[in-house]
Amino acid sequence: VRGGGAEPDGQLSLDEAEAPADPAADARLAWELAGRQRELIEEFGLEPLLNEVEMPLIEVLAAMERVGVKLDAERLAEIGAGMAERIAQLQAEIYELAGREFTIGSPQQLGVLLFEELGLSRKRRGKTGYSTDARVLSQIRDEHEIIPRIEQWRELTKLKNTYLDSLPTLIDPETGRIHTTFNQVTAATGRLSSTNPNLQNIPIRSEVGRPVRSCFVAEPGHLLLSADYDQVELRVLAHVAGEDVLREIFASGEDIHTATAAEMLATDGREIGPAERSKAKMINYGIAYGLSAFGLADRLSIPREEAAAYIDRYFQRFPAVQRFIDETIERAEREGRVTTLLGRRRNIPELRSSNRQRKLLGERLAVNTVIQGTAADIIKLAMINCHRALADAGFATRLILQIHDELLFEGPETEIERAREIVVGEMKQAFDLDPPLQVEPGVGPDWLAAK
DNA sequence: GCGATCAGCAA
DNA sequence: ACACGTGCTGATCGC
């Protein structure tokens, strides 16, 4: 019996008091909804996507959730203890510099202290008051000794609260492992999501966050195998846009962001250094993630006009990308929807909005959904194929996580090299793309070492 | 206890 | 004046 109080992770609730008043009516409703859904699936030509991708994926996801992933709880606790000490020290220094105690974690109280009592430069403001987010703090870092300490305090408490303290509570006593829930139907683009816990946002970028990732480990005698698609979204873009300049960059094996920077900026005789690469990278990601000129300017901390100029420059060098975007938007406006290469469909009602900003959002969603959704289709196919190929080979290596463009496997060390060959082969062949898909594998005793 | 708000992690 | 990719989680705060 499933009560009205289903758990957020979709687990069945057996609370007698929450049992439905009329279970037969509930069952009938589900039956009737299924009939209507079948009609729509047929009308939209979605049977192949349903039958070849989403349905076969269910048992792959179920197996992944059942197997789970091992966490080194002792190591996690050690890292957490070190952090607790550092947080306490920072807190004392912050109170000392502030001249009083306050709730550091309250943006409201922090805003009063920084901008009213200490008189630091106010940057942006939110709905309710001053913004104190990471970008604001980095801009006023040199104005007061308290700022770098608050930045550190924020980073450490975030890591401790979100990962170090909560992950161990989710270890299943039966298996000693963490069992996430993958949601197949939440993300509008067709991506998966992960909850309770979310294992798709484990830190890796920052120095202090990275050790958290090394706490995800293989069982004794086993190893983790991580296999990443290299630049899958930009390859999808090159493919769907038919952009030969982009294809040539991939064929040459050059670093994509450096090469993009060279295309955009080198004609001015500009040297391509880290700053140029970083701008190009942001533009590449901007296209893949559907960022506006405003969002791009915000990320790069440059005026919007300058961001718009970079985007213009990008389109001059990659004209087929410009054509693809224009055609995708035109068609989406006519049809009210977009589809991925495998026929996944997303309605974009924003395109009919009279609000200019909302309309522009719709345009970016239309383009972004084709790219991100196609990448999601491809990796889902790869998951199904890897799962089947490993089983057919009689291997004990199991798929345990999917992180959008990465698959993580765990297997006996004796077979992991052969498993790697199978996985890389299946991932590359999952879809016939031009430029072709490329996969970067790595093996190690923990998740950090495997990358 | 709940929702709104702010903040920050990842691909 | 305002705007600002998504999904998930945690803390604070006011009701």
Side-chain angles (χ1 to χ4, degrees), chain A residues 8-9 102-111 124-138 150-151 153-167 169-170 180-183 185-206 208-210 212-213 226 228-234 282-301 304 307 346 350 355-369 371-373 375-376 379 401-408 447 451:
Chain A
D9 62 357
F102 66 104
T103 306
I104 308 172
S106 162
Q108 193 188 327
Q109 292 185 35
L110 185 63
R124 296 168 300 113
R125 42 180 305 116
K127 282 183 182 157
T128 51
Y130 317 108
S131 167
T132 69
D133 70 18
R135 214 155 40 267
V136 168
L137 294 186
S138 89
I150 291 168
E151 289 179 292
W153 184 93
R154 278 248 179 99
E155 184 174 21
L156 295 180
T157 52
K158 170 75 181 179
L159 290 169
K160 191 162 185 302
N161 293 332
T162 310
Y163 304 103
L164 298 167
D165 292 347
S166 58
L167 287 176
T169 71
L170 294 164
T180 185
T181 299
F182 287 106
N183 199 324
V185 293
T186 7
T189 56
R191 275 186 168 192
L192 298 177
S193 72
S194 158
T195 58
N196 195 19
N198 181 358
L199 294 184
Q200 292 180 320
N201 72 345
I202 300 302
I204 188 163
R205 296 179 191 175
S206 91
V208 282
R210 217 165 288 144
V212 175
R213 198 166 272 236
S226 159
D228 271 61
Y229 275 120
D230 176 62
Q231 303 295 344
V232 60
E233 270 137 357
L234 292 177
M282 206 58 89
I283 290 174
N284 279 331
Y285 272 102
I287 292 192
Y289 288 155
L291 237 51
S292 61
F294 188 96
L296 187 67
D298 205 34
R299 295 281 178 118
L300 290 172
S301 298
R304 201 187 64 235
R346 179 178 184 180
E350 290 87 348
N355 175 318
R356 199 179 97 91
Q357 192 191 330
R358 213 167 155 67
K359 167 72 166 54
L360 290 172
L361 172 67
E363 294 181 3
R364 298 196 303 276
L365 290 177
V367 174
N368 169 244
T369 296
I371 300 168
Q372 206 179 98
I379 197 159
L401 290 180
Q402 186 252 45
I403 312 97
H404 309 306
D405 66 352
E406 172 189 5
L407 298 180
L408 189 70
W447 194 2
K451 286 220 66 165

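In what follows, every chain begins at residue 1, and chains take the letters A, B, ... in the order their sequences are listed.
A:Phe294 meets the side chain to side chain contact (heavy atoms under 4.5 Å, CB included) test with A:Ser292, A:Arg304; sequence neighbours excluded. Partners of A:Asp230 by side chain to side chain donor-acceptor pair (under 3.5 Å), not counting sequence neighbours, listed by chain and number: A:Arg235. With sequence neighbours excluded, no residue satisfies side chain to side chain contact (heavy atoms under 4.5 Å, CB included) with A:Ser166. Taking the side chain to side chain contact (heavy atoms under 4.5 Å, CB included) definition, one finds that A:Tyr285 meets it with A:His257, A:Lys281, A:Tyr289, sequence neighbours left out. With sequence neighbours left out, A:Lys158 forms a side chain to side chain donor-acceptor pair (under 3.5 Å) with no residue at all. Qualifying side chain to side chain contact (heavy atoms under 4.5 Å, CB included) partners for A:Gln108, counting only residues two or more places apart in sequence or in other chains: A:Ser106. Partners of A:Thr180 according to the side chain to side chain donor-acceptor pair (under 3.5 Å) rule, which considers only residues two or more places apart in sequence or in another chain, are A:Ser194. With sequence neighbours excluded, no residue satisfies ring-ring contact (aromatic ring centres under 6.0 Å, His included) with A:Phe182.
Comparing the P positions of B:dA7 and C:dC2 gives an interatomic distance of 16 Å, to the nearest angstrom. Using atom C1' as the reference point in both C:dG5 and B:dG3, the two lie 24 Å apart (nearest Å).
The separation between A:Leu360 atom CG and C:dG5 atom C1' is 14 Å, rounded to whole Å. A:Glu350 places its CD atom 13 Å from the P atom of C:dG5, with the value rounded to the nearest Å. If you take CD1 of A:Ile202 and P of C:dC8, they are 14 Å apart, rounded to a whole angstrom. Separating the CD atom of A:Gln402 from the C1' atom of C:dG7 is a distance of 13 Å, rounded to the nearest angstrom. Taking atom CZ on A:Phe294 and atom P on C:dA1, their separation rounds to 14 Å, with Å as the unit. Across the protein-nucleic acid pair, A:Leu296 atom CG and C:dG5 atom C1' stand 12 Å apart, rounded to whole Å. Rounded to whole angstrom, the span from the CG atom of A:Asn355 across to the C1' atom of C:dC2 amounts to 11 Å.
If you check every strand for non-hydrogen atoms under 4.0 Å, A:Ala134 touches sugar and phosphate atoms only. Within the 4.0 angstrom heavy-atom criterion, only backbone atoms of the sugar-phosphate kind lie near A:Ile204; the bases stay farther away. Looking at heavy-atom distances under 4.0 Å, A:Leu159 makes no contact with the nucleic acid at all. A:Arg213 comes within 4.0 angstrom of sugar-phosphate atoms only, judged by non-hydrogen atoms across all strands, and of no base. In this structure, A:Tyr163 reaches the sugar-phosphate backbone alone: every heavy-atom distance under 4.0 Å involves primed, P, OP1 or OP2 atoms, never a base.
Only A:Thr186, A:Ala187, A:Ala188, A:Ser193, listed by number, bring a heavy atom of residues 185-193 of chain A to less than 4.0 angstrom from any atom of DNA chain C.
Taking the side chain as every heavy atom from C-beta outward, A:Leu110 and A:Ile150 approach each other to under 4.5 Å.
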message: Working note: A:Leu407 + A:Leu401, criterion side chain to side chain contact (heavy atoms under 4.5 Å, CB included); need CA distance, chi angles, decisive distance, verdict.
response: CA-CA 6 Å; A:Leu407 298 180; A:Leu401 290 180; over 6 Å; no
message: The test is side chain to side chain contact (heavy atoms under 4.5 Å, CB included); show your working for A:Leu156 and A:Glu151 and say whether it passes.
response: CA-CA 9 Å; A:Leu156 295 180; A:Glu151 289 179 292; over 6 Å; no
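Sequence neighbours left out, the pairs with a member in residues 186-206 of chain A that pass salt bridge (Lys or Arg N to Asp or Glu O under 4.0 Å) are A:Arg191-A:Glu233.
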Heavy-atom protein contacts under 4.0 Å, nucleotides 9-15 of chain C, coded B base, S sugar-phosphate only, - none: BSSSS--
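Bracketed by its first and final contacts, the part of DNA chain B lying under 4.0 Å from non-hydrogen atoms of chain A reaches from B:dT5 to B:dA11 in 5' to 3' order.
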